[in-house]
Amino acid sequence: MLSKITFVWLAATWAVKSNDEIELVAPICDSATFRPPNLGARVVVKSIEAEVQRNYTSQGGVHGLPDIDGLNFCQLKAHLNHEGTDDDVLVEVWLPLGRDSWNGRFQATGGSGMATGVLGQHLGQAVKQGYAASSTDGGHPPINTDASWVLKPDGTIDWNLLTNFATRSLVESIILGKSLTEQFYQEKPKYSYWNGCSQGGRQGYMLAQEHPDLLDGILANAPALSLTRLVMAEFWPQLVMKEEGLWVSSCEFNYFRQKAMESCDMMDGVSDGIISEFELCDFDPLHVIGQVFYCDENPVEVSRAMANIVKRINEGPRTPLKVPLWHGFTHGTDFERLAGITTSTDGVRMPKPLHISMNFIRSFVLKDETFNVTRLNYADFMALWKADLTRLQSSGTKLLSWHGVNDPLIPYQSTVQYRKRVEMLMGGANEVDNFYRLFLAPGVAHCARGNGPVPTDPLAALVEWVEDGIPPETLEAETTTYEGDRVTRQLCAWPGKARYMGAGDAKRASSWSCHGGTERSVENEDHAAPEEDYESDRAAQLLGGLKDRIEGLGMGLTIG
């Protein structure tokens, strides 16, 4: 006699007609429909639970994603455990309810900050577009600012959870998601994609290097490459203000942004609040010392200390010998998130570090969640500072990436440097363009927002590249000004740049053209500053090889 589980599985899979023809039937969203795939000898799928969701609202916010309501889908929650550990990893898979609602594709989605995945916020967008989609929490709370999960109760690093976060859970989420999708619709996804920004961008690059055969296309934007350097560098603006003995307000920083715009905005022939010729902008904050402006109706005079702070933040972290440790920021970038402050009721200004950076230093580096990072001085900071794409090239998988030039968290130069090194190692720009393309978005902040036009549907461009063989030379981008005017632009494949043609409405993409795209040669290779390590014996003691181990997990991706 057939068990209930076997009966439901057979009913969900086929109906046999008299002429032996197999007819597909409607998918059944029931826990008994699904069986666990093989994820490896040391991985146990503890449970798979299915539930129909109707008229569901998916909360947005992360990476500029909107709220989405009216969603109907089959929600699967699978719990995994890795033998020898006590972890409980959640993988969620969301499946459009009807076969007619599914576009035949699978999409794995990435994380944000210190969260392995953001679950519903990305999955809702994918389902709305017709994708079957998956995400995972990596076995720890999906809170992007929380790094406490990396520490065990005894204060040592939980390398099991860190491995989940860096690589393992991402691979398992893809394999499990594709298998459950096939079981639900009784056919394999025709194409599989990755979609992530920031931490999700870092994850996409890791998959491109280590597991490209799992996917047909990878959309990885504003990637958090070289994670240890990046997160340490995000504390630099706070340190600079402390060393100068001055906590600068957002209003005061915005004055320097305004002066940078006045100096460089018109370099492309258009006054639009976007510095398109960002590499040519030579604005010097020291040139405005002594100028007076107003914040909250109070006069403020630009001091040398104030100008030095802006200059040093723009330059990025440096050793006492002025050797660059990491990239700085483009002129006109908003410093509010990394150089944030608070003001007490009696008017005293105090530091407000970025939570991700603060918690990373506490948990990963110092292994002390109670440590007050605002006590760190320059000497302390210096003491704490402490793979290639061959598989992607041969796999046929495509990697598409875009990065906002005015990203206030992850300098775009890190992604450009990565791309340059790939070119140097893998046959030059034209060869690399066959499988990896990068686009820069002037005026755009972290994954979204800012003054500049934001890519409207880069995933569609990736799909066209993968499925139709049409590589993207441009990405359509759009924004709305404060006055309500719609601005469109075509972002150019790096190192191409959009230039105003001198006629027509500058708010329309048709008035701009790309110059310096895929026809370039390999003569101009990596001219970025060397990634020097400034380490002391004290740093080695504190880090205990942390950077090497993290980079070994794919969290510090570099080329060469």
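We're numbering straight along the sequence, starting at 1.
With a 4.5 Å cut-off on side-chain heavy atoms, M114 and W149 count as touching. Looking at heavy atoms from C-beta onward, F435 lies out of side-chain contact with S395 at the 4.5 angstrom threshold. Counting heavy atoms from C-beta outward, I174 and L207 have side chains that approach closer than 4.5 Å. Taking the side chain as every heavy atom from C-beta outward, H79 and L90 approach each other to under 4.5 Å. Looking only at side-chain heavy atoms (C-beta outward), L214 and V171 come within less than 4.5 Å of each other. Within the 4.5 Å cutoff, side-chain heavy atoms of L438 are placed close to those of T415. Counting heavy atoms from C-beta on, the side chains of F165 and H140 come closer than 4.5 Å. In this structure, the side chains of V93 and Q75 stay at 4.5 Å or more apart for every pair of heavy atoms.
Remark: E478 CD is packed, more than 12 non-hydrogen atoms of other residues, nucleotides or ligands lying under 6.0 Å away. Under a cut-off of 6.0 angstrom, the local environment of CD in Q53 is crowded, with over 12 non-hydrogen atoms contributed by other residues, nucleotides or ligands.
Checking Y500 against S513 by side-chain atom types alone, no donor-acceptor pair falls below 3.5 Å. For the residue pair E234 / S357, no side-chain donor-acceptor distance below 3.5 Å is found, with atom types taken as modelled.
Centroid-to-centroid, the aromatic rings of F439 and W494 stay 6.0 Å apart or farther. Proximity of the aromatic rings of F360 and F235 is defined here by a centroid distance below 6.0 angstrom, and this criterion is not met.
Below 30°, between 30° and 60°, or above 60°: for W94 and Y56 the angle between ring planes is above 60°, a perpendicular geometry.
Put simply, the residue from D88, L161, V44, N164 that forms a side chain to side chain contact (heavy atoms under 4.5 Å, CB included) with H82 is N164. Between V45 and the choices L39, V91, N81, V89, the side chain to side chain contact (heavy atoms under 4.5 Å, CB included) rule is met once, by L39.
Across all their heavy atoms, G340 and Q238 have their closest contact at O-NE2, 2.9 Å. Of all non-hydrogen atoms in G110 and W194, the two that sit nearest each other are CA-CZ2, 3.3 Å. Closest approach of G70 and N55 over heavy atoms only: CA-OD1, 3.2 Å. L71 and V127 make their closest contact through CD2-CG1, 4.2 Å (heavy atoms, listed as atom of the first residue, atom of the second, distance).
A cation-pi geometry, defined here as NZ or CZ lying under 6.0 Å from the six-membered ring centre and within 45° of its normal, does not hold between K398 and Y193. A cation-pi arrangement is present between R419 and Y436 under the rule of less than 6.0 angstrom and at most 45 degrees off the ring axis. A cation-pi arrangement is absent between R337 and F253, since the terminal nitrogen or guanidinium carbon is not both under 6.0 Å from the aromatic centre and inside a 45° cone about the axis. For the pair R499 and W512, the NZ or CZ position fails the cation-pi test of under 6.0 Å to the six-membered ring centre and within 45 degrees of the ring normal.
The side chain to side chain contact (heavy atoms under 4.5 Å, CB included) search around T342 returns M350, K352, not counting sequence neighbours. When the side chain to side chain contact (heavy atoms under 4.5 Å, CB included) test is applied to D69, the partners found at least two apart in sequence or on another chain are T57.
Note that OH of Y131 is 4.0 Å distant from CG of L459, once rounded to the nearest 0.5 Å. Taking OG of S179 as the reference point, atom CZ of F106 lies at 10.0 Å (rounded to 0.5 Å).
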